[in-house]
Amino acid sequence: QIQGMPYGNCLLLSDGPVNNSTGIPFFYVTPKDNTVTDLLKNPMASLTLPEADGNFCRKNLIDPEDPRCARLTLTGQMVTVPPEEVEFAKQAMFSRHPVVRKWPRSYEWFFMKMNIEHIWLQSWYGEVSPVAVEE
């Protein structure tokens, strides 16, 4: 009923092993998930990350979803990780989310990543600043 309409979903992500963060979001996904089916048809996506680990909100006892806490929104194309990057994607995901090693193999898991095209930082009520992708 909502075919062609955007909707949100929660996916595990990693931008690299703890000692080698790249800033490129990697995802471990299954084609059995409607989100993945949609992304394979139309790869454009957005990803919003809250300031969950920042000091401002924690120090001031402010909920990370409060507009005073920063959030970063990335938009770009979701693509299947090429064979030469699969080992890095595997290390990135499994080192940060070890539980995925136990997920059922029959789900045909594979890796996708976001090729980031735009970055916006919202650091207060409605104030949005573009950030250069190179940064």
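For the side-chain contact (heavy atoms from CB on, under 4.5 Å) test, residues two or more places apart in sequence or in another chain that qualify with E135 are V131, A132.
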Sequence neighbours excluded and cut-off under 3.5 Å, please list the side-chain donor-acceptor pairs for residues 39-46, or say none.
residue, atom, partner, partner atom, Å
N42, OD1, M44, N, 3.2

For residues 90-113, which side-chain donor-acceptor pairs fall under 3.5 Å, sequence neighbours excluded?
residue, atom, partner, partner atom, Å
S95, OG, Q91, O, 2.7
S95, OG, A92, O, 3.3
R96, NE, G16, O, 2.5
R96, NH2, G16, O, 3.2
R96, NH2, P17, O, 3.4
R96, NH2, S21, OG, 2.9
H97, NE2, L13, O, 2.9
W109, NE1, P104, O, 2.8
K113, NZ, E85, OE1, 3.0
K113, NZ, E85, OE2, 3.0

N/O donor-acceptor pairs under 3.5 Å from side chains in residues 69-79, not counting sequence neighbours:
residue, atom, partner, partner atom, Å
R71, NH2, E65, O, 3.4
R71, NH2, D66, O, 3.1
T73, OG1, T48, OG1, 3.1

Pairs of donor and acceptor atoms involving the side chains of residues 31-38, under 3.5 Å and at least two apart or interchain, shall be tabulated with distances.
residue, atom, partner, partner atom, Å
D33, OD1, T35, N, 2.8
D33, OD1, T35, OG1, 3.3
T35, OG1, N9, ND2, 2.6
T37, OG1, P31, O, 3.3
T37, OG1, D33, O, 3.3

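Screening residues 74-135 for disulfide bond (SG atoms under 2.5 Å apart) gives no qualifying pairs among residues at least two apart or on separate chains. For the disulfide bond (SG atoms under 2.5 Å apart) condition, no pair includes a residue of residues 89-135, sequence neighbours left out. The list of disulfide bond (SG atoms under 2.5 Å apart) pairs with a residue in residues 70-130, not counting sequence neighbours, is empty. Residue pairs meeting the disulfide bond (SG atoms under 2.5 Å apart) criterion with at least one member in residues 75-135: none, sequence neighbours excluded. Pairs engaging residues 73-82 under the salt bridge (charged side-chain N to carboxylate O under 4.0 Å, His left out) rule: none recorded [sequence neighbours left out].
Taking every heavy atom of both residues into account, G23 and P25 meet most closely at O-CD, 3.4 Å. Taking all atoms of both residues into account, the shortest heavy-atom contact from P130 to W120 is CA-CD1, 4.2 Å.
Counting heavy atoms from C-beta on, the side chains of V81 and F26 come closer than 4.5 Å.
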